Amino acid sequence: MSRIELQGLSRRFGSVTAVNDVWLDVADGEFVVLLGPSGCGKSTLLRMIAGLLPPTGGRLRLAGADITDVPPQQRDLAMVFQSYALYPHLSVARNIGFPLRARRWSRADIRAKVAEVAATLDLVELLDRKPRELSGGQRQRVALGRALVRDPGAFLMDEPLSNLDAKLRASTRAEISALHRRLGATMVYVTHDQVEAMTMATRIALLDGGKLEQVGTPAEVYDEPASVFVARFLGSPAMNLLDVNVRAEGGALTARATDVELGLGIDGEMPEREVVLGVRPEHLRPAGLAEPGIRAAVTAVENLGSEEVALCEAAARSICVRGPRPLGLRPGDRVNLTTRPEHLHLFDPGSGRRLAWRPAPVAAGV
Ligand SMILES: Nc1ncnc2c1ncn2[C@@H]1O[C@H](COP(=O)(O)OP(=O)(O)O)[C@@H](O)[C@H]1O
Ligand SMILES: [Mg+2]
């Protein structure tokens, strides 16, 4: 059992509040990704879980026990950093076995355990090498092995893939996911990379300015972002956001702005109000000029191979459309972009929080 409970964790550095009252319950066996822009407090939060940094507020529990004041080496946790921090003069085998020597295991037991971990991580052939004789990806696997060898209750990882090139990042990502499935261990993983978060996490915890913005499965945070911040942070290109006025027209709610007219698919009466309307690039498509939609001019088209992205301008706002290639749009075209009401996201312009009124999603595609 390695449930990790963050109960109102905070950390101040002088006048800077790096982590602000974070409540998060990580269940045994979960893979939680702490995601957010640089400086949002991810590493500070992870270092507090590891015991490397005392919190200035809140409590921390591991497997039900309060560990807020327990020193790091007595926490049943292993941490893997971005820089591998391997001992350059020691072989791979000795690097992996290091935590066990520190715990005074016998040589035979260490050899057996190292062999087991090396087999898991495909490092058997490399056990006699020195770190300088390894590629970046292999070094990262050795660092993982050194964490794994202790059989910790939970793994903490801080941007472990950010020193790897794109191709190696993708394969190591898959390896870590497979490792998580195989071990069933609890993992808390820090990254600023939305692709890592979307592909690896069982749940994503999004942080902004030290505060938790939203916690949910990758599908939940992508499909129902709780705020403008989350909507902007996840998705590439980012969600289109438009300032509109919503009012009831003939009993149906309609969003309007210059060059914009979109039905929300909601019947009702309400006083007119301002709303931030969001729609993802993959949910927009060109339609006949007579239909309600967003009237825009195409300024550029980017070829992504299997897909195309059209950059458009509507009343001085940029709007992005993404779809299978060819989209059939060319720079200079005048287009009318429509979507289905269930793809519209509504946010409060003041707080940036999601507004709940939205029609139930319909199955099928765009
Ligand atoms: N030791 C420290 N002393 C002072 N400020 C710090 C220290 N560590 C982190 N901070 C500040 O706390 C905030 C969060 O930092 P950090 O947790 O490293 O962010 P992230 O890992 O999300 O990039 C930043 O504003 C950073 O400057
Ligand atoms: Mg960091």
Side-chain angles (χ1 to χ4, degrees), residues 4-24 26 30-60 67-69 71-72 75 77-86 136 139-140 143-144 146-147 154-166 168-169 172-173 176 186-201 203-216 218 221 225-236 238 352:
I4 303 172
E5 293 163 90
L6 282 53
Q7 302 179 323
L9 275 194
S10 295
R11 174 70 207 200
R12 271 180 285 102
F13 295 106
S15 61
V16 176
T17 303
V19 171
N20 193 349
D21 192 27
V22 168
W23 291 79
L24 181 64
V26 181
E30 258 200 297
F31 194 133
V32 167
V33 172
L34 305 177
L35 176 67
S38 176
C40 72
K42 306 179 295 294
S43 294
T44 303
L45 194 52
L46 201 70
R47 288 166 58 81
M48 288 195 285
I49 300 173
L52 302 172
L53 191 71
T56 48
R59 307 301 297 176
L60 183 67
I67 58 160
T68 316
D69 303 312
R75 299 183 182 195
L77 301 165
M79 182 127 170
V80 182
F81 296 94
Q82 169 184 347
S83 58
Y84 322 114
L86 299 179
R139 282 180 212 165
Q140 192 51 267
L144 270 174
R146 198 173 46 188
F155 292 86
L156 310 177
M157 303 194 193
D158 194 348
E159 313 235 9
L161 307 186
S162 53
N163 284 340
L164 307 182
D165 65 47
L168 206 50
R169 249 198 332 263
T172 314
R173 213 162 67 204
I176 293 177
T186 310
M187 298 202 177
V188 182
Y189 183 107
V190 161
T191 184
H192 65 275
D193 181 328
Q194 55 164 310
V195 177
E196 283 179 27
M198 291 296 289
T199 52
M200 301 169 87
R203 278 194 306 158
I204 296 175
L206 261 134
L207 286 161
D208 182 29
K211 284 188 105 98
L212 212 48
E213 278 277 317
Q214 185 173 7
V215 184
V221 293
S227 65
V228 166
F229 170 81
V230 177
R232 274 214 193 95
F233 196 80
L234 290 172
S236 175

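As the structure lists them, so they are numbered: ligands from 1, and atoms in each ligand from 1. What you see is a predicted model, and the numbers here were worked out from it, not measured in a lab.
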Check the Mg ion (ligand 2) and write out every protein N, O or S atom at under 2.8 Å, as residue and atom.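 Metal shell, protein only: Ser43 OG.
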
Within the structure, does at least one protein heavy atom fall under 4.0 Å of atom 26 (C) of ligand 1?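 Not a single protein heavy atom is under 4.0 Å away.
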
Atom 23 (O) of ligand 1: protein heavy atom closer than 4.0 Å? yes

Stepwise, does the side chain to side chain contact (heavy atoms under 4.5 Å, CB included) test hold for Ile176 with Leu144? CA-CA 9 Å; Ile176 293 177; Leu144 270 174; 4.0 Å; yes

Nearest protein heavy atom to [atom], by residue and atom, and its distance?
atom                    : result
atom 18 (O) of ligand 1 : Ser43 CB, 3.8 Å
atom 16 (P) of ligand 1 : Thr44 OG1, 3.6 Å
atom 12 (O) of ligand 1 : Ala18 CB, 3.1 Å
atom 20 (P) of ligand 1 : Gly39 N, 3.5 Å

Atom [atom1] in [X], atom [atom2] in [Y]: separation rounded to 0.5 Å?
X     : Y      : atom1 : atom2 : value
Thr68 : Leu9   : OG1   : CG    : 7.5 Å
Met48 : Leu156 : CE    : CG    : 12.5 Å
Leu35 : Met198 : CG    : CE    : 9.5 Å

With no hydrogens and no angle check, is any side-chain donor or acceptor of Arg59 less than 3.5 Å from a backbone partner on Gly8?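 Not at all, since once roles are kept as given, no pair shorter than 3.5 Å links the two residues.
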
Keeping the roles fixed (side chain from Arg11, backbone from Thr44), state whether a donor-acceptor pair exists under 3.5 Å.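 Side chain of Arg11 to backbone of Thr44, a donor-acceptor pair under 3.5 Å: no, none is there.
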
Can you name the nearest heavy-atom pair linking [X] to [Y], along with the distance?
X      : Y      : value
Val80  : Ala147 : CG2-CB, 3.7 Å
Cys40  : Asp208 : CB-CA, 4.2 Å
Tyr189 : Glu196 : OH-OE1, 2.8 Å

Quick check: do Ser227 and Gln214 have side-chain heavy atoms less than 4.5 Å from each other?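 Not in contact.
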
Determine, using heavy atoms of Gly41 and all atoms of ligand 1, whether some pair is separated by less than 4.0 Å.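 Under 4.0 Å: yes for Gly41.
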
Is there a polar contact between ligand 1 and Cys40, counting only N or O atoms under 3.5 Å apart?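 For ligand 1, there is an N or O atom that lies under 3.5 Å from one belonging to Cys40.
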
Decide whether an N or O pair under 3.5 Å exists between Phe13 and ligand 1.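 N/O-N/O distance below 3.5 Å does not exist for this pair.
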
